[in-house]
Participant: 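Before I ask anything, let me first share the structure, which is written out below as C-alpha cells.
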Amino acid sequence: MDHAYVENIAASLVREYLSRKSLRVTLQKMDEEMPRTDQSISNRPLLMKELHIEKIMKKNKEYEHPLKAMIEVIAKYLMERVSSVRGTTPAPPPESATDPVQEDHKPRHSRHKHTAGRNDVVFNAEHDNHMTSAGAIKQRITQGKLKS
C-alpha cells in the first residue's frame, strides 16, 4: 500500500473529526498547512468504505448516544478488540473526563490490567498505583510473586 495513499486517508479522517467536532478554525488551519488534493475524501460513506468500517459505524448508530467522529469509533473498536484478545477491559477515563452523554461508551469494569512494553508505565490493578516496569518487578519479588 502506497504511503501517500495512507497519508491521504489519514488526513481525510482527521478532517472528518475536526468537522464533526465543529473545530472550524483548526480545520481551516489544516487546509492551509496541508491543502486537500484530488485524492482527498470528503464524502463520509466513501471514507467509511475505504477504511472498511461500515459495520462498526452501523453498530455505533445503535447506541443511545453514538460517537460523532469516525476516528472515535475506530479508537473504541480497537480498544475493545485489544481488550477482548488480552482478556482485559479498557481503562476507565479519568474522573475529571467523565462525560454523561457518553455513558454508553464507558467500560463496565473499573479495573484494567495493562501489559506494557519496555520502560513503559505498568498499571498495577491490585494496588491502583503506577510504577515503572523495574519497580513492578521489584515489588512482585518482594511480595513473593516472582523468584529472584
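Values in this document were obtained by computation on a predicted structure and should not be read as measured data.
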Participant: Of the non-hydrogen atoms in L27 and L18, which two are nearest, and what is the gap between them?
Facilitator: CA-CD1, 3.9 Å
Participant: Return the CG to CG distance between L13 and L51, rounded to the nearest 0.5 Å.
Facilitator: 6.0 Å
Participant: Where do S19 and R24 come nearest, in terms of heavy atoms and distance?
Facilitator: O-NH1, 4.1 Å
Participant: Please name the pair of heavy atoms, one in A11 and one in M30, separated by the smallest distance, quoted to 0.1 Å.
Facilitator: O-CE, 3.6 Å
Participant: Nearest 0.5 Å, please: how far is CD in Q39 from OG in S12?
Facilitator: 10.0 Å
Participant: In the structure I gave you, are the side-chain heavy atoms of K29 and M34 within less than 4.5 Å of one another anywhere?
Facilitator: no
Participant: Work out which heavy atom in T37 is nearest to a heavy atom in N8; give both atom names and the distance.
Facilitator: OG1-OD1, 3.6 Å
Participant: Starting at OG1 of T26, measure out to NZ of K21 and round the result to the nearest 0.5 Å.
Facilitator: 13.0 Å
Participant: How long is the straight-line distance from CE of M1 back to CD1 of I9, given to the nearest 0.5 Å?
Facilitator: 9.0 Å
Participant: Between atom CD1 of I53 and atom CE of M70, what is the distance when rounded to the nearest 0.5 Å?
Facilitator: 5.5 Å
Participant: Which salt bridge (Lys or Arg N to Asp or Glu O under 4.0 Å) pairs, counting each pair once, include a residue from residues 38-55, with sequence neighbours left out?
Facilitator: E16-R44
Participant: With salt bridge (Lys or Arg N to Asp or Glu O under 4.0 Å) as the test, would you mind laying out the steps for K76 and E80 before giving the verdict?
Facilitator: CA-CA 6 Å; K76 180 178 185 275; E80 288 175 346; 2.9 Å; yes
Participant: How many angstroms lie between CG in N43 and CE in M48, if you round to the nearest 0.5 Å?
Facilitator: 8.5 Å
